[in-house]
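Worksheet: the structure to be examined is printed underneath.
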Amino acid sequence: MERPEESNGGETAAPVRRDFIRSRIDEDLASGRHRQVVTRFPPEPNGYLHIGHAKAICLNFTVAQEFGGRCHLRFDDTNPTKEEQEFVDNIEADIRWLGFEWGDHLYFASDYFERLYGFAVELIEKDKAYVDELDAEQMREYRGTLTSPGRESPYRNRPVAESLDLFRRMRAGDFPDGALVLRAKIDMASPNINLRDPVLYRIRRAHHHRTGDDWCIYPMYDYTHPLSDAIEGITHSLCTLEFEDHRPLYDWVLDNVTIDCHPQQIEFARLGLPYTVMSKRKLIDLVTGRHVRGWDDPRMPTLAGYRRRGYTPAAIRAFAEAIGVAKANSEVEVGLLEHHLREDLNQHAPRVMAVLAPLKVVLTNYPAGKVEEVEAINNPEKESDGSRRIPFSGELYIEREDFAEEPPKGWFRLSPGKEVRLKHGYYVRCDEVIKDAAGEITELRCTYDPESAGGTTPDRRKVKGTLHWVSASHAIPAEVRIYESLFAEAHPGERTGDYLDDLNPDSLRVLADARVEPSLAGAGAGSVFQFLRQGYFCVDPDSTPERPIFNRTVGLKDTWAKLQKRS
RNA sequence: AGGGGCGUCGCCAAGCGGUAAGGCAUCGGACUUUGGAUCCGACACUCGGAGGUUCGAAUCCUCCCGCCCCUGCCA
């Protein structure tokens, strides 16, 4: 088989992987059926984009890129009752954020309304479409069932001239909403229900976000989509599996109208992710029902949510690349997304220290009032990021979880009589545990080894554990938001039928008493850090200079937790 | 039940008649001033099942089983 680079000689990025869609394009190019590749991403502006859309966006844009073609962004805005400009704007922003550009190729199906109307007239003239007077309920009745054929509408064979006149008057506004529809004349006995005289136009007096009140009839998706594709010269129209049954109709429309382009619709499986919901309706419900704080709630599977959570476009693109494209319905483990996230963040996130649940440590042998600045490397994965200085003093905070009065086996962290290293600082040994009346540990008395400055000693003795810390008087109080999956069940609603029953009550945990190192003062919203030994965190837009707020993007891999779980 | 699809390792996924890629996860081990990262190594005699064709089948044929989608004037 010929490689695309060889067949079209254009500037192309090397195809990263093989899949049935790219193979098919290879063939189309090799056979001369197409000389270029034009794809499109066609969102309906009735909601925000989610991670499932990201799969389609990455596919369409990268395929076009690889083959030296182009990808259009086209809004499928044929249903004015559900669509809004706000969604258009946010969808554009999300796609740009993901890293894709459509240049001049921004389109709206609504821009084609006049031409679409013309094609409809042509269909009527050819006796391929007719105006029907059956109401919605009657039409359902006439449609038949999955196993029995439908019946023809009594209006099916009305004269062409009559349909032409009626359709013209539909447009003119002579009839109330829902009174008439334009239907394709195909086959009421077809085993494919989509071919049983599908509706092409309906009457709907609704204000359209772009065409305003110019129209009171609006074309249906199945009619609009193939024509929009053809008008734009799309070569490969990639969509999800549920449209497979619609392909015969897609082809019928293009075969029965005078247009010199016939794109190929190719279907692939949509992305499934456990512990979340991806349907637009459910996402809208979550927002309007206040189960989340908004479309960009960090627990939402929306691109806006992932962005606020601290996910990077590169990670999402790598994920989309990794899951591949096929026709088998599949559900990808969240771990794979997190793997690509960590892989990206590990390279780029500056390391800082933050204590989420502080436990005071007093160094009894540290000179009273002394403060020194210790040097801390910003990112061991990226030497060029340099280093910074952090204040160290005799009163510190460490993570409550890093101390155990009675250490389990395999414990590397602090416990009575044991020595650990404070990252970038000194070795300390725990001498005494202070508790309050309730028996709660309130403070640790430790001694430090002055010889261990920087983290090593002249005698080169080993300490297994290294802890992160923060100087008590220098640290900045902060809020940290820890997120778990929005749903407690892999398939929300599977048991009770109502997905809201499976909302995870612990999906958001707020740690109000965290302390972060002073270098984090003034970190801008969106900036991402690795809190040493804990995970990746980003500054939430709710942050103020007085009270920084961090979202946990994803935790670090935790071998210790895994070991614990096992025993 | 009619139509359209799909079934290869726990999760994705290559494979297109010549004797099962890769990633994630998992499990060992090395290294480590993050129990992070990195590095080594292990991980499908078998491709939903049963027959058949063939020197040879995950790939071809037949039957069976399972799962998904379709009866909006939504997309």
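Lettering of chains follows the sequences in order, A, B, ..., and the numbering in each one begins at 1. These numbers come from the heavy atoms of this one structure, side chains and all, not from hydrogens, waters or symmetry mates.
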Pairing residues for [X] by the side-chain hydrogen bond (donor to acceptor under 3.5 Å, both in side chains) criterion, not counting sequence neighbours:
X: Ser415(A); value: none
X: Arg400(A); value: none
X: Arg169(A); value: Asp174(A)
X: Glu133(A); value: Arg158(A)

How are the rings of His72(A) and Tyr107(A) set to each other: parallel, tilted or perpendicular (split at 30° and 60°)?
-> tilted
Rounded to whole angstrom, note down the [atom1] distance from [N] over to [M].
N: rU38(B); M: rC6(B); atom1: C1'; value: 40 Å
N: rA20(B); M: rU26(B); atom1: P; value: 28 Å
N: rC9(B); M: rA44(B); atom1: P; value: 12 Å

Restricting both atoms to N or O, compile the protein contacts to nucleotides 27-31 of chain B shorter than 3.5 Å, with distance only.
from: rC27(B); atom 1: OP1; to: Arg566(A); atom 2: NH2; distance (Å): 3.3
from: rG28(B); atom 1: OP1; to: Arg566(A); atom 2: NH1; distance (Å): 3.1

What residues, two or more places apart in sequence or in another chain, satisfy side chain to side chain contact (heavy atoms under 4.5 Å, CB included) together with Leu556(A)?
->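 Testing Leu556(A) for side chain to side chain contact (heavy atoms under 4.5 Å, CB included), a comparison that skips the adjacent residues, returns Gln530(A), Tyr536(A).
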Name each donor-acceptor pair under 3.5 Å that joins a side chain in residues 247-254 of chain A to protein atoms two or more places apart or in another chain, with its distance.
from: Arg247(A); atom 1: NH1; to: Glu267(A); atom 2: OE1; distance (Å): 2.8
from: Arg247(A); atom 1: NH1; to: Glu267(A); atom 2: OE2; distance (Å): 2.7
from: Tyr250(A); atom 1: OH; to: Asp229(A); atom 2: OD2; distance (Å): 2.7
from: Asp251(A); atom 1: OD1; to: His262(A); atom 2: NE2; distance (Å): 2.7

Could you state the CG-P distance from Leu341(A) to rG36(B), rounded to the nearest angstrom?
-> 18 Å
Across all strands shown, which nucleotide pairs with rU32(B) by Watson-Crick or G-U wobble geometry, both distances under 3.5 Å?
-> none
Does any nucleotide pair with rG66(B) by Watson-Crick or G-U wobble geometry, both distances under 3.5 Å, and what is it?
->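 Pairing partner: rC6(B).
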Scoring nucleotides 5-11 of chain B by protein non-hydrogen atoms under 4.0 Å (B base, S sugar-phosphate only, - none) yields SS---BS
Applying ring pair (Phe, Tyr, Trp, His ring centres under 6.0 Å), name anything that partners His424(A), two or more places apart in sequence or on another chain.
->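 For His424(A), no residue satisfies ring pair (Phe, Tyr, Trp, His ring centres under 6.0 Å) once neighbours in sequence are set aside.
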Anti/syn call for rG23(B), syn if |chi| within 90° =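 Base orientation: anti.
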Any residue of residues 50-60 of chain A with a heavy atom less than 4.0 Å from an atom of RNA chain B |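 Within residues 50-60 of chain A, no residue comes under 4.0 Å of RNA chain B.
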Check the pair Phe392(A), Tyr426(A) against ring-ring contact (aromatic ring centres under 6.0 Å, His included), reporting the backbone distance first and the verdict last.
-> CA-CA 9 Å; Phe392(A) 183 93; Tyr426(A) 294 90; 5.1 Å; yes
For Asp222(A), enumerate each residue passing the salt bridge (charged side-chain N to carboxylate O under 4.0 Å, His left out) test, keeping only those at least two apart in sequence or located in another chain.
->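 In terms of salt bridge (charged side-chain N to carboxylate O under 4.0 Å, His left out), with neighbours along the sequence ignored, Asp222(A) is linked to no residue.
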Tabulate below the donor-acceptor pairs under 3.5 Å that side-chain atoms of residues 324-339 of chain A make, not counting sequence neighbours, or state none.
from: Lys327(A); atom 1: NZ; to: Glu244(A); atom 2: OE2; distance (Å): 2.3
from: Glu331(A); atom 1: OE1; to: His491(A); atom 2: NE2; distance (Å): 3.1
from: Glu331(A); atom 1: OE2; to: His491(A); atom 2: NE2; distance (Å): 2.8

